[in-house]
Amino acid sequence: MARSMGRYREEIREALGDSYLGAVLDKFARQYEVAREEAFAGIDTRALFAEIAAIKDEALKNIPELYETFKREAEKRGVGVSLARDARECRETILKIAEETGSRKIIKTKSMTAEEIGLNEALIAGGLEVCETDLGEWIVQLRGERPTHMVLPAIHLSREAVAETFSGVAGTRLEPDIEKLVRFARRELRRKFLEADMAVTGANFALAETGTLGILTNEGNGGLATSLPGTVASVVGLEKLLAGPGDLYPILKALPRSATAQKITAYATFLTGNPGFDRSGKKRERRVVFLDNGRSRLLGDEVFRSVLRCVRCGACANLCPVYRLVGGRVLGHVYVGAAGLLFTHFFHGADEARHIVANCIGCEACKDLCPAGIDLPGLVFDLRDRLAREEGPSLWSLLLSVVLPDRKLWHGLLKAGRFVQKPFARGGFVKSVPAVLTEEQDFRAIPALPPENFRELVDERDLNGPGDARVSIFAGCAHEFMYPGDLVAGVRLLVRKGVSVSFPVEQACCGLPALTLGGRKTAAKIALKNLEIFLAEDTDHIISLCPSCASHMKNRYPALLGDMPELSGDLAKFARRIVDFSAFLFNVLKYSKEDFESNSEKAAFHGSCHQRLGLGAGREPRELLAAAASYVRTEDEELCCGFGGTYSLKFPEISKTLTERKLDGYERAGASVVVTDCPGCVMELSGVEERRRRKLPVEHMAGFLHRLLKKEGGGK
């Protein structure tokens, strides 16, 4: 049954209140990030992931033919093959196999496909005894829970919780000693292996040319389960089909590195044909049941087909800032992570997906991690748009569709806000939460709109540098109206090095807020307008002091306007011209220590998600910071601050937790100032710090660097 938003919010609060869950997921994420980097060292991941994407795309184009080839080759070798159209038919097929073979005791290997169709429940309801043989799966089965990760199903449980669970099986109290608990599990599961009449497995891939299934495990249970019982039935999603062994190497190279940061999986079991007879001399039975359950519909969907490339590594959950706070029972239904949001919609319906799709913060941490090259953040945006079209847009989306494309209306409303806020504004912040917001938003002070915006602060003469270089500035709503001083500082840093700056006054919002709320049509309308305006500017580069705006325009405009092929050349030109602000200062304008006054401020850095992941600028802002002040390295510099634009309005509990964790880390490091390149991050971090009544200042990189510049003539 689908969860209501009220119940979903309760689940979020329960998960945030689970100190063990938060600690273990955070520890895993830290260890995984380092280990994954080591595992992929020396490998061109872009090339490898592109190769896997090409292999999977070719297979997905030919699924019906690959299925028929697999069926023919497998049946030639004594293996029965069938296709189940949906979850019910698949469950019934497995039950029928058990009935035909007289199987009563069933063992299972880890299979997300079996979880997808609720197979365990169906087998037990049919009077069969079912035992999971993967250790983590067995633990959650004993507890009556679902796995919380595609690869690490029991990651949310402590050794004490496992000891309590095993004690119930043993009938005596077991100590929470890992070695003893593993020994107990091994003893219990080996008995299950020996007693089993039938095994049910999943598969990591199915090779059509030879009718071969491949199962990867780290515990050896795949080999035991497929060799001991007299009957083996495998439930396999249609998307697992590949042409032949030649397609395997790239996937085998990437999958364990992405899943568990191992260079190779401990056990690989390949099943071809029927092994003949069991230990008693009885003829063995092998069946393969391919599952559709919405996959054919996905194959025919030009927008979402690529999600079927997924190799089920779980990497998109491993470094997700939301997952590492709340786990898979909240950020998932059966499947978890960014891929899980999409699978939930297509395999289990919109009702199950609606709230978890909204719970993607949009940081894009999953995009570069995906070994199959799936643009997961882009597909989440597309799914929100589809849901909005099917169910009707939200009030916020409707308002933005009217306001954002109309520059005069949008700017007029923001200007009006200056006067509305006057009774509540003190010290740069609005001191009480406006009535339109709930009390849950009171964890963050709201910045007051300054008396003048960027257009009113800057004279045309201030934009002309003495050199030949010319750039266009994209202001972004936050900088133009909330932090215009930082934008002025940024312009002065450019002009100081001889750059002439163009500011197209007709520019609109970048459109990201509309896209985030499922307003793809509005976002596309805005994209077209900005494209025309900035292409008319004959400048060398387009620079925004907001990485979210810059990344959105550079990476999302081509997709938003993809149905207009005549614009492909213009879009490519536009995207090439967009450059990260800090990267431009460091790489092109060569700002260095000689440009700044001597300064010993202990400056910590907050890496904007879209700066590093969308614009590829990770080193440059740190180099600038080290040149201007005493740069203090801190943990989680790159972890999302929790803002996410409209995300913090929908899920304030998660936003607050992420932000406070960041600020606590900076304070522990003894930082005297936090510097970031994103105005949204400035708003979030400084607003929470203000509400906590603490004094750690948060500055935008432009304002920070300009404050420390040597006086004219004192630099290089």
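Side-chain atoms of Thr148 and Arg329 include no donor-acceptor pair closer than 3.5 Å. A donor-acceptor contact under 3.5 angstrom links the side chains of Asn359 and Tyr647, judged on distance only. In the model, Lys240 has no side-chain atom that pairs as donor or acceptor with a side-chain atom of Asn204 under 3.5 Å. In this model, no donor atom of one side chain and acceptor atom of the other lie less than 3.5 Å apart for Thr201 and Thr109. If you check the side chains of Glu145 and His156, you find a donor sitting under 3.5 Å from an acceptor.
The environment of CD in Gln262 is crowded: more than 12 heavy-atom neighbours from other residues, nucleotides or ligands sit within 6.0 Å. Within a 6.0 Å radius of OH in Tyr20, other residues, nucleotides and ligands contribute more than 12 heavy atoms. Taking a 6.0 Å sphere around CD of Glu11, one finds it holds more than 12 heavy atoms contributed by other residues, nucleotides or ligands. Within 6.0 Å of the CD atom in Glu390, the count of heavy atoms belonging to other residues, nucleotides or ligands exceeds 12. The environment of Glu219 atom CD is dense: over 12 non-hydrogen atoms of other residues, nucleotides or ligands sit within 6.0 angstrom. At most 12 heavy atoms of other shown residues, nucleotides or ligands fall within 6.0 angstrom of atom NZ in Lys263. Residue Ile43 qualifies as enclosed at atom CD1: its count of foreign heavy atoms under 6.0 Å is above 12. The 12-atom threshold is not exceeded at CZ of Arg85, counting heavy atoms of other residues, nucleotides or ligands nearer than 6.0 Å.
To the nearest 0.5 Å, atoms CG (Asp197) and CG (Leu228) are separated by 12.0 Å. For the atom pair CG of Leu383 and CG of Leu379, the computed distance is 8.5 Å after rounding to the nearest 0.5 Å. Note that the CG atom of Asn120 and the SG atom of Cys131 stand 9.5 Å from one another [nearest 0.5 Å]. Taking CZ of Phe28 as the start and CG of Leu319 as the end, the distance is 8.0 Å to the nearest 0.5 Å. To the nearest 0.5 angstrom, Asp351 atom CG is 10.5 Å from His333 atom NE2.
Across Ala225 and Ala199, no two heavy atoms sit closer than the pair O-CB, 3.1 Å. Counting all heavy atoms, side chain and backbone alike, Tyr267 lies closest to Gly220 at CD1-N, 3.1 Å. Summarising the geometry of Ser103 relative to Thr231, their closest heavy-atom pair is OG-OG1, 4.1 Å, with the distance given to 0.1 Å. Minimum interatomic distance between Cys313 and Val151 (heavy atoms only, all atoms of both residues): O-CG2, 3.0 Å. Heavy atoms only, all atoms of each residue included: Thr45 and Phe40 are closest at CG2-CD2, 3.6 Å. The two residues Met198 and Ala233 come nearest to each other via the heavy atoms CE-CB, 3.8 Å.
Classification of Lys192 and Glu188 as a salt-bridged pair fails, no side-chain N sitting under 4.0 Å from a carboxylate O. Lys105 has a carboxylate O that lies under 4.0 Å from a charged side-chain N of Glu195, or vice versa, which qualifies the two as a salt bridge. Using a 4.0 Å cut-off between a side-chain N of Lys or Arg and a carboxylate O of Asp or Glu, Lys96 and Glu92 do not qualify as a salt bridge. A salt bridge is absent between Glu73 and Lys71; no separation between the charged side-chain nitrogens and carboxylate oxygens falls under 4.0 Å. With respect to the salt-bridge test (charged N to carboxylate O, under 4.0 angstrom), the residues Asp26 and Arg324 qualify. Between Glu100 and Arg287 there is a salt bridge, with a side-chain nitrogen of the basic residue lying less than 4.0 Å from a carboxylate oxygen of the acidic one.
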Side chain to side chain donor-acceptor pair (under 3.5 Å) between Glu132 and Asn221, intermediate numbers included:
CA-CA 10 Å; Glu132 296 284 354; Asn221 57 314; over 6 Å; no

Taking it one step at a time, do Arg389 and Glu391 satisfy salt bridge (Lys or Arg N to Asp or Glu O under 4.0 Å)?
CA-CA 6 Å; Arg389 284 187 282 113; Glu391 302 169 3; over 6 Å; no

Does the salt bridge (Lys or Arg N to Asp or Glu O under 4.0 Å) test come out yes or no for Glu51 and Lys56, once each step is laid out?
CA-CA 9 Å; Glu51 185 179 5; Lys56 292 289 288 184; over 6 Å; no

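Taking the six-membered ring where tryptophan is involved, the planes of Trp138 and Phe166 are tilted, since the angle between them lies from 30° to 60°. Using a 30° and 60° split on the angle between ring planes, Phe270 and Phe205 fall in the tilted class, from 30° to 60°.
Put simply, the side chain of Val289 reaches to within 4.5 Å of the side chain of Ile97, judged on heavy atoms. Looking only at side-chain heavy atoms (C-beta outward), Ser258 and Leu369 stay at 4.5 Å or farther from each other. With contacts defined as side-chain heavy-atom distances shorter than 4.5 Å, the pair Pro377/Cys366 qualifies. No side-chain heavy atom of Leu25 sits under 4.5 Å from any side-chain heavy atom of Leu325. No side-chain heavy atom of Cys360 sits under 4.5 Å from any side-chain heavy atom of Val322. Side-chain atoms of Pro371 and Val311, non-hydrogen and from C-beta on, do get closer than 4.5 Å to each other.
Within the 3.5 Å criterion, the main-chain N or O of Leu66 finds no donor-acceptor partner in the side chain of Asn62. With Asp134 contributing its side chain and Lys110 its backbone, the two residues share no donor-acceptor pair below 3.5 Å. Without hydrogens or angle criteria, Arg190 side chain to Ala185 main chain gives no donor-acceptor distance under 3.5 Å. A donor-acceptor pair under 3.5 Å is absent between the side-chain atoms of Tyr32 and the main chain of Ala259, judged by distance alone. In this structure a side-chain-to-backbone donor-acceptor pair under 3.5 Å is present from Arg309 to Ala372. The backbone N or O of Val140 lies less than 3.5 Å from no partner atom in the side chain of Arg143, so there is not a single donor-acceptor pair. The backbone N or O of Lys108 lies less than 3.5 Å from a partner atom in the side chain of Thr133, making a donor-acceptor pair. In this structure, the side chain of His348 engages the main chain of Glu116 through a donor-acceptor pair within 3.5 Å.
A cation-pi arrangement, defined by a distance under 6.0 Å to the six-membered ring centre and an angle within 45 degrees of its axis, is present between Arg312 and Phe343. Seen from the ring of Phe381, Arg386 does not count as a face-on cation partner, given the 6.0 Å and 45° thresholds.
Here Phe346 and Tyr335 keep their ring centres 6.0 angstrom or further from each other.
With sequence neighbours left out, the side chain to side chain donor-acceptor pair (under 3.5 Å) criterion links Glu653 to Arg9, Arg13.
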